[in-house]
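In this text the structure is predicted, and so the values were computed from the model without any measurement. Heavy-atom basis, side chains included; hydrogens, waters and symmetry copies ignored.
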Amino acid sequence: MFHWGDKLLNDIKIRNKLLLSFLLVTMLPVSIVGGYLTLEMRTMAFENAINQASINVDRVKKRTEEVIGVSQDISYRLSNDARLKKLATRSYESIYDVVEAYGNYPDIREYLRLYKDVSNIRLYIDNKTLLNNWELLNPSEEIKASEWYQRGQISDSMVGWEYIEDERDHRKYLSLTRKIELEGINRTGLLVINVNSKQLRSILNQESFETMIVDDQNNIIAANRNELTGKKLADISFDNKILGEGNGSYEAKVNGEDSKILIEELTPQASRNSLRIISVFSIDSIVKVPNQIIRLALTVIIISVVLAFLLIFSFSSIFSRRILKLSKHINRVGAGDFDTNVQIDGKDEIGLLARQFNSMVRSINELMLEVQTSNNQNILLEQKQNDIRFKMLASQINPHFLFNALESIRMEAHMNGQTEIARVVRLLGKMMRSNLEVGKSKISIKQELDMVRCYLDIQQFRYEERLQYQFNVDPAVECLNMPPLIIQPLVENAVIHGLDNKMEGAFVTVDIQKIEGHAQFTIRDNGIGITPERLEQVRTTLQNQEEKEGDRIGLRNVHDRLKLSYGEQYGLIIDSYNNDGTYISFRIPMEEGNL
């Protein structure tokens, strides 16, 4: 029987199928269900509005908890920060001491930079030797007399949430207050952290109903209607009967209208007071919309049924054939076949769409080929340019060192036995072998330091007691990969300038430490230093576009290779002090791919 029914349906034309489907699936269900929906829509709309408002309030509560949770976390860290307590309680002898101490404590500025949910952090502390820098402040008598300050001084470990004015911009913020025990007997400070008002407004602006965040003093801290922010609930004709109510759903008059009010309390952990999320919507506005929808729906249904019947009868067969053909070719393109070409007769929109579709497919196909070709060429060109520049930079080996070493070997052979000569020749051979292998893109720091040790041992052979050196290397960075011939040129520079005008000799130090995700390199000598004019000239040279041909692997060479390898933010930093030597430092990232 079912097989016979399928056969019968398959034999009916698409136009007649659409008409039959329209009568059975549209008109009959609409007639039966329409009356029932008309009666139930009002109730359902009202219940949906309440449910939606409850969901919205819960969502606002959770997102608000996340925002203010950042302030709680920061307050906990700062309340246990011994460095901050020492900074706040120390007695300073001069303004310079205060400024220096502030500069050595960047934590508050780092918190403001890292967390967008916080707009200001300040600590009130009685210390007349401090300078008010909007982070550490001496409270004025007006501040001390304020209610929020006195409430904050009463609570020991509990945080409070106050709606207070910031002295910096004279705007009110939802602020966390927390009493902090400082060093010394009965010495305390009051930490204040402003919650970013923009973050709170962004949470509320996504809500369709009128929604507010209110503190325990009935201050409207934030609202999705900007004109309400900063007012009290009583200012917006809020029913006095529910001003102090907690969690629940209430019906009351707001601005003279019967309204539904949903209240959800928000009590953050370890807080002495709470906030409230309040959502308000007019009952009449909820009922009015369903009534309009019902009337509109009935009108649209009647008109749509009549028009649909006529249109389906007239155009179903034409549309179905042509649209299906176009759909077939669209699916082919979706599957990645860009060689398809659809042929549909006619000058109407479907025919125009078919021609535009063909043109679009051709354009996409051509564009993909062009982009692929261009990308391949650019990648190849960039790769070749980098390879050439690396090889050029790494190949500029100054022969003076080799000549000096060979001359020293010759003189030693002439004056002494052959044991020391054998050792120096071995070191020189090891260095030459390493230089021949410099084509490798990167080597480990340990390998680079082996070559530097060879260089320094050979120079010690040449200068004897006049040259001493020391390596301070963190074992955690020895396996880190880096470009070759980076440290050796800097050590060579340190040896040359360390011995320059120093009869007692040179002492060269190579220091490599792991600091905040980077390997920090410092090469220094104990020479007489560089004059400020010469130091400025050297720094300017590092920024020149071209290096003189034939120069040894110098500072500019190393500077360029560091930038090519790791980015523009990396490179050499040079400092020098009179009779205290020269310091050359750089850093490279501790990336996983470098290990």
*Nearest-0.5 Å distance that lies between atom CD1 in Ile445 and atom CG in Leu480*: 4.5 Å

*asked:* Test side-chain contact (heavy atoms from CB on, under 4.5 Å) on Ile487 and Met482; report intermediate values, then the result.
replied: CA-CA 10 Å; Ile487 303 177; Met482 64 180 297; 4.2 Å; yes

*For Leu266 and Glu65, which heavy atoms make the closest approach, and how far apart are they?*
CD1-CG, 2.9 Å

*Ignoring hydrogens and geometry, is there a side-chain-to-backbone donor-acceptor pair from Asn120 to Asn194 under 3.5 Å?*
no

*What pair of heavy atoms forms the shortest contact from Ala223 to Asn205, and how long is it?*
O-OD1, 4.5 Å

*Out of Arg171, Lys172, Arg122, which residue meets the salt bridge (Lys or Arg N to Asp or Glu O under 4.0 Å) rule with Asp166?*
Arg122

*Say you draw a straight line from CD1 of Ile588 to OG of Ser565; how long is it, rounded to the nearest 0.5 Å?*
9.0 Å

*Begin with the C-alpha distance, continue with both residues' side-chain angles, and end with the deciding distance and a verdict on side-chain contact (heavy atoms from CB on, under 4.5 Å) for Met212 and Leu204.*
CA-CA 7 Å; Met212 301 169 283; Leu204 299 177; 5.7 Å; no

_Side-chain donor or acceptor of Ser274 paired with backbone N/O of Thr267 under 3.5 Å_ = no

_Arg151 CZ to Ser146 OG distance, which is reported to the nearest 0.5 Å_ = 8.5 Å

_Inter-residue atom distance Ile523.CD1 - Tyr583.OH, 0.5 Å rounding_ = 13.0 Å

*In Å, rounded to the nearest 0.5 Å, how long is the span from SG of Cys479 to CE of Met590?*
9.5 Å

_Closest non-hydrogen atom pair, Val67 against Gln199_ = CG1-CB, 4.3 Å

*Any donor-acceptor pair under 3.5 Å linking the side chain of Asn127 with the backbone of Ala88?*
yes

*For the rings on His518 and Tyr570, is their centre-to-centre separation under 6.0 Å?*
yes

*Looking only at side chains, do Gln206 and Arg63 share a donor and an acceptor under 3.5 Å apart?*
yes

*Do you know the tightest heavy-atom contact between Gln513 and Val477?*
C-CG1, 4.4 Å

*Within the side chain of Asp216, is there an N or O that forms a donor-acceptor pair under 3.5 Å with the backbone of Leu275?*
no

*Is there a donor-acceptor pair closer than 3.5 Å between any side-chain N or O of Ser79 and the backbone N or O of Ser75?*
yes

_Taking every non-hydrogen atom, the tightest pair across Met158 and Ser271_ = CE-O, 3.1 Å

*Under the side chain to side chain donor-acceptor pair (under 3.5 Å) criterion, do Asp81 and Tyr76 qualify, and how do the steps go?*
CA-CA 9 Å; Asp81 190 338; Tyr76 176 79; over 6 Å; no

_Using 30° and 60° as the class boundaries, would you call the ring planes of Tyr124 and Tyr149 parallel, tilted or perpendicular?_
perpendicular

*Out of curiosity, Ile125 CD1 to Leu190 CG, how far, rounded to the nearest 0.5 Å?*
10.0 Å

